[in-house]
Protein chains: 2
Amino acid sequence: MHTETEENYLKAIYHLSAKRAEPVNTSSIAGSLSTTSASVTDMLKKLAEKNLIEYERYRGVRITRKGEKIAINIVRKHRLWEVFLTQTLKFRWDEVHSMAEELEHVSSDELIKRLEEYLGFPRFDPHGDPIPDLTGKISAPSSLCLASGECEKRYTLTGVNDHSVSFLQYLERTGLKPGITVRILEIQEYDHSMLIELKNKIKLSISNDVAKNILVKNYGE
Amino acid sequence: MHTETEENYLKAIYHLSAKRAEPVNTSSIAGSLSTTSASVTDMLKKLAEKNLIEYERYRGVRITRKGEKIAINIVRKHRLWEVFLTQTLKFRWDEVHSMAEELEHVSSDELIKRLEEYLGFPRFDPHGDPIPDLTGKISAPSSLCLASGECEKRYTLTGVNDHSVSFLQYLERTGLKPGITVRILEIQEYDHSMLIELKNKIKLSISNDVAKNILVKNYGE
DNA sequence: TCATATTTTTAGACTAATCTAAATTATTTT
DNA sequence: AAAATAATTTAGATTAGTCTAAAAATATGA
């Protein structure tokens, strides 16, 4: 197989590719892996040699089908372990990322198949991100964000755009967990902040920045 | 923390120490890790530097308290993952060792605490080996082996001495899994092989070699 | 005890992944 | 379009873990 490091590079490149159509550049990879551009360059040569990426000096990188398959499998493992950690071991959703980061590399495909079955074939992880199936197919995640919601309507939280621990902990503290339902009471004209009501009648004001990072579906859908 | 390699060396030294009182020699460590004596010597220096072992050139190795604590924690993780794999994911007991070998290194102590709780604080792994608790305390494993059983008596299987995949698969095929009860029908004088009866009335003849590697407790105890 | 065999250690080299600093290429600005 | 700036790559070194082959120490045994 591949080394853990190679897997981490492929995963980073895969995630960065998803955000933009252009090739991924060296420094953004270095940024997301907290390493230097020089180290990235070295690794890119190695990955290109193995046909896992297409790489042209000074021109950035695209992931190949072969590389993408590996990356998606890592993402699949990561997200299934996240479900296990929250659902079975009762961790909070803001605690599981770093543990899943370790577990994603160690597990045989057979182990993951059994885990998926045990968990009941979940389609989304605790942050609302879709879990690729065995063949690499990925359901469309919710694309509706709370910021584009309308007054007086109800929405069910399904996920987040910002996966940072600080954002997740903010949501956790305010009670905005995936699965809960909110109603929009008011939207302020000047800063687009909104007043929302939770199930337990608690009212909460959230900034537009926050609302843009919360994914929802229409209540009852 | 320590590298995965260091952890594997400590675990190997710990297990080899358990079998004999004398210091562990270089070549037996090399043997159990499938590496060369030269590599072992290099690593022993490093571990001694960190006070995880006591090492004197040409004289072999003893594990220190500090090193033993780490080794026991790895063993604890390994055995809890084995319980998870058999109990929760329904793997056979002869399949779980190599998966647990990977999982034992990745898991944070908090994850393992939760896993232990989820599994119901099991005291033994699927092979009958005791699971160290959080403080490193280890229950005494069964020391009675089937070979020293008496005619007409019933015994419950609790574990094995030989952990090789081939032995475990032999037991699996013949139905001799931990937890089941057997009755000794006959013991042959000349080779000490024994005829035993399983719950479902199936009669089975096993060699003394096999009987010596099966751990039991008296039925009903 | 002295020679032989075995075990262990050292010496020197290799690979994977990383780094800093210097050189090169690309991009932006004037 | 040349100069300045930014990004990327190369060069050379480092660390962890490993190896083979040679040297040194220990154990065996006639």
Side-chain angles (χ1 to χ4, degrees), chain A residues 1-14 16-17 19-63 67 70-71 74 101-102 104-106, chain B residues 1-14 16-17 19-63 67 70-71 74 101-102 104-106:
Chain A
M1 274 301 277
H2 315 91
T3 66
E4 191 166 322
T5 309
E6 283 177 346
E7 291 183 346
N8 282 332
Y9 271 92
L10 287 173
K11 191 176 50 148
I13 295 166
Y14 171 75
L16 290 167
S17 302
K19 289 179 191 157
R20 58 197 91 199
E22 313 100 66
V24 178
N25 58 354
T26 303
S27 51
S28 59
I29 299 169
S32 77
L33 292 175
S34 302
T35 183
T36 62
S37 292
S39 304
V40 173
T41 300
D42 285 346
M43 181 58 87
L44 294 184
K45 288 179 196 164
K46 209 187 302 181
L47 294 174
E49 195 57 46
K50 297 185 180 181
N51 293 310
L52 301 171
I53 58 171
E54 281 171 38
Y55 168 57
E56 211 181 332
R57 275 156 72 257
Y58 296 101
R59 282 280 130 80
V61 153
R62 281 179 205 279
I63 198 159
I70 295 166
I74 304 289
E101 202 89 296
E102 289 192 73
E104 69 190 12
H105 299 290
V106 301
Chain B
M1 271 301 276
H2 314 90
T3 66
E4 190 166 324
T5 309
E6 284 177 345
E7 291 183 345
N8 282 333
Y9 273 91
L10 287 174
K11 190 176 53 150
I13 295 166
Y14 172 75
L16 290 166
S17 302
K19 288 179 192 156
R20 57 198 91 198
E22 314 99 67
V24 179
N25 59 349
T26 303
S27 52
S28 60
I29 298 170
S32 75
L33 291 174
S34 302
T35 184
T36 61
S37 292
S39 303
V40 173
T41 301
D42 285 347
M43 182 57 88
L44 294 184
K45 287 178 195 163
K46 210 188 298 180
L47 294 174
E49 196 57 47
K50 297 184 180 182
N51 292 313
L52 301 171
I53 57 170
E54 280 170 39
Y55 168 56
E56 209 181 332
R57 274 154 77 257
Y58 296 101
R59 283 280 129 79
V61 153
R62 282 177 204 280
I63 199 160
I70 294 165
I74 304 289
E101 203 90 294
E102 289 192 72
E104 70 190 13
H105 299 289
V106 302

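Letters go in sequence order (proteins before strands), and every chain restarts at 1.
Taking five base pairs at each end of the helix from dT1(C)-dA30(D) to dT30(C)-dA1(D), the local helix axes there meet at an angle of 0°, rounded to 10°.
Atom-to-atom distance recorded for Tyr9(A):OH and Thr35(A):OG1 is 4.5 Å, nearest 0.5 angstrom. Put simply, CE on Met43(A) and CD1 on Ile13(A) are 9.5 Å apart, with the number rounded to the nearest 0.5 Å.
With sequence neighbours left out, Thr41(A) forms a side-chain contact (heavy atoms from CB on, under 4.5 Å) with Thr26(A), Lys45(A), Tyr55(A). By the side chain to side chain donor-acceptor pair (under 3.5 Å) test, Thr36(B) pairs with Ser39(B), sequence neighbours left out. Every residue meeting the side-chain contact (heavy atoms from CB on, under 4.5 Å) condition with Asn25(A), not counting sequence neighbours, appears here in chain and number order: Ser27(A), Ser28(A). With sequence neighbours left out, Glu101(A) forms a salt bridge (charged side-chain N to carboxylate O under 4.0 Å, His left out) with Lys11(A). Residues that satisfy the side-chain contact (heavy atoms from CB on, under 4.5 Å) test with Glu7(A), not counting sequence neighbours, are Met1(A), His2(A), Ile74(A), His105(A).
Contact check for Leu44(B) versus Ile53(B): side-chain heavy atoms found under the 4.5 Å cut-off. Side-chain contact check for Tyr14(A) versus Leu10(A): every heavy-atom pair is 4.5 Å or farther apart. At a threshold of 4.5 Å between non-hydrogen side-chain atoms, the residues Val106(A) and Glu104(B) do not count as touching.
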For nucleotides 2-5 of chain C, tabulate all protein N/O to nucleotide N/O atom pairs closer than 3.5 Å, reporting atom names and distance.
none

Could you pull out the protein-nucleic contacts involving nucleotides 22-28 of chain C (nitrogen or oxygen on both sides, under 3.5 Å)?
residue, atom, partner, partner atom, Å
dT24(C), O2, Tyr58(A), OH, 3.4

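Note on Thr5(A): only backbone sugar-phosphate atoms sit closer than 4.0 angstrom, heavy atoms only; bases stay farther off. If you check every strand for non-hydrogen atoms under 4.0 Å, Ser37(A) touches a base.
Between chain A and DNA chain D, the heavy-atom contact criterion of under 4.0 Å yields a 5' to 3' nucleotide range of dT8(D) to dT10(D).
Nearest heavy atom pair, residue Gly60(A) against residue Pro23(A), reads C-CB, 4.1 Å.
For dA16(C), neither phosphate oxygen OP1 nor OP2 lies less than 4.0 angstrom from any side-chain nitrogen or oxygen of Tyr9(A). Look at Thr35(A) and you won't find any side-chain N or O under 4.0 angstrom from OP1 or OP2 of dA17(C).
Scanning residues 38-55 of chain B for heavy-atom distances under 4.0 Å to DNA chain D yields Ala38(B), Ser39(B), Asp42(B), Met43(B), Lys46(B). Listed by residue number, the members of residues 26-34 of chain A with any heavy atom below 4.0 angstrom from DNA chain C form an empty set.
Residue pairs meeting the salt bridge (Lys or Arg N to Asp or Glu O under 4.0 Å) criterion with at least one partner in residues 48-58 of chain A, sequence neighbours excluded, are Glu6(A)-Lys50(A).
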Side chain to side chain contact (heavy atoms under 4.5 Å, CB included) between Ile29(A) and Leu16(A), worked out: CA-CA 8 Å; Ile29(A) 299 169; Leu16(A) 290 167; 4.0 Å; yes
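At whole-Å resolution of the value, CD in Glu4(B) and C1' in dA17(C) are 16 Å apart.
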